[in-house]
Number of protein chains: 2
Amino acid sequence: MADDLFKALADSTRRTILDELAERSGQTLFEICARLSMRHGLGISRQAVSQHLAVLEAAGLVETRREGRYKFHDLNTAPLRRIAERWLVPDTPDPEDSTP
Amino acid sequence: MADDLFKALADSTRRTILDELAERSGQTLFEICARLSMRHGLGISRQAVSQHLAVLEAAGLVETRREGRYKFHDLNTAPLRRIAERWLVPDTPDPEDSTP
DNA sequence: AGGATAGGCAAGTACTCACTTGCCTATCAA
DNA sequence: TTGATAGGCAAGTGAGTACTTGCCTATCCT
């Protein structure tokens, strides 16, 4: 659960994708590919970006909506808010990692 | 720089170590090993924990102080606070990942 | 000094993961 | 229908990494 979130954030390309979606929400796969290439100089295939988006969606950081042949991607920052709270608040720890 | 931070958080054992240090700061390597085994059921070698602590220290999440033959580890939550801010604030993005 | 404790260094192994390659499906426009 | 566009599925490859094993250094106590 939380493991998916942190693993998703561990890759720099995925973090750049989050940057792009934070700036302009609702982009399609091809739009994201173009902007990664143009603005960030990332020579990366469409399939690679698609796989990154799947990871981000599994982590709950990206939500998608389909319209016709287009699939729009939206950023969801809710999971990010709980990251810092885990170690800042000396509360009962999340039993997430106790039994991997 | 920020890459070290996210990579450090990507491992569940390291996150559990942060949990332990959040609960009791200033533990030694052997104390951390014992608590990981006792309270979390993690059968992990001392060297593995030592390597994890090195990763956490490189990420700025753990600071160490040496006293005699003991090395105490303290949690530093400062880097965590800036994680959520990156995508919550629609500001000029950190140019960190532009040129990997 | 000698043993015990706390920690460090380095090479090897096994596994994960990012990325590519190749092909396939679905929607829209002519 | 035909072609073009947007996206998906799956196997293979190469690099990174978590962990082990073995040995070494430093500090403390008797």
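All chains are named by letter (A, B, ...) in the order of the sequence lines, taking the proteins before the strands, and each is independently numbered beginning at 1.
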Ile83(A)-Val55(A) co-clustered via ILVMFWY side chain contacts under 4.5 Å =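 No; tracing contacts between hydrophobic side chains, which count when under 4.5 Å, never links both residues.
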Value in whole Å for how far the [atom2] atom of [N] lies from [atom1] of [X]:
X: Phe30(A); N: dA6(D); atom1: CZ; atom2: P; value: 6 Å
X: Gln51(B); N: dT17(D); atom1: CD; atom2: C1'; value: 10 Å
X: Leu9(A); N: dA18(C); atom1: CG; atom2: P; value: 12 Å
X: Leu29(A); N: dA26(C); atom1: CG; atom2: P; value: 18 Å
X: Phe6(B); N: dG16(D); atom1: CZ; atom2: C1'; value: 19 Å
X: Lys7(B); N: dA18(D); atom1: NZ; atom2: C1'; value: 14 Å
X: Gln47(A); N: dA6(D); atom1: CD; atom2: P; value: 14 Å
X: Asp4(A); N: dT16(C); atom1: CG; atom2: P; value: 14 Å

Sorted by position of nearest nucleotide on DNA chain C, 5' first, the leading residue of Arg46(A) and Arg14(A) is Arg14(A)
Looking at dC19(D), dT21(C), dA18(C), which one has an atom nearest to any side-chain atom of His52(A)?
->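 The listed nucleotide nearest to His52(A)'s side chain is dA18(C).
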Counting side-chain heavy atoms from C-beta on, which of dA18(D), dC19(C), dT17(D) comes nearest to Ile44(A)?
-> dC19(C)
Which atom names give the shortest non-hydrogen contact between Asp3(A) and Ala10(B), and what distance separates them?
-> OD1-O, 4.3 Å
Exercise: identify the closest heavy-atom pair between Arg15(A) and Leu9(A) = NH1-O, 2.7 Å
OP1, OP2 of dG8(D) versus side-chain N and O of Ser50(A): anything below 4.0 Å?
-> yes
Can you find a side chain N or O atom of Ser45(A) that sits less than 4.0 Å from OP1 or OP2 on dT20(C)?
-> yes
Do Thr77(B) and Arg81(B) get their side chains close enough for a donor-acceptor pair, meaning under 3.5 Å?
->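 Side chains of Thr77(B) and Arg81(B): pair found under 3.5 Å.
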Measure from the side-chain N and O atoms of Thr16(B) to the backbone N and O of Ser12(B), and report whether any donor-acceptor pair falls under 3.5 Å.
-> yes
DNA chain C contacts among residues 64-73 of chain B, heavy-atom distance under 4.0 Å | Arg66(B), Arg69(B), Tyr70(B), Lys71(B)
Could you pull out all donor-acceptor pairs under 3.5 Å where a side-chain atom in residues 59-69 of chain A meets a protein atom, sequence neighbours excluded?
from     : atom 1 : to       : atom 2 : distance (Å)
Glu63(A) : OE2    : Asn76(A) : ND2    : 3.3
Thr64(A) : OG1    : Glu57(A) : OE2    : 3.0
Arg65(A) : NE     : Asp74(A) : OD2    : 2.7
Arg65(A) : NH2    : Asp74(A) : OD1    : 3.2

Who passes side-chain contact (heavy atoms from CB on, under 4.5 Å) against Glu31(B), sequence neighbours left out?
->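 Testing Glu31(B) for side-chain contact (heavy atoms from CB on, under 4.5 Å), a comparison that skips the adjacent residues, returns Gln27(B), Thr28(B).
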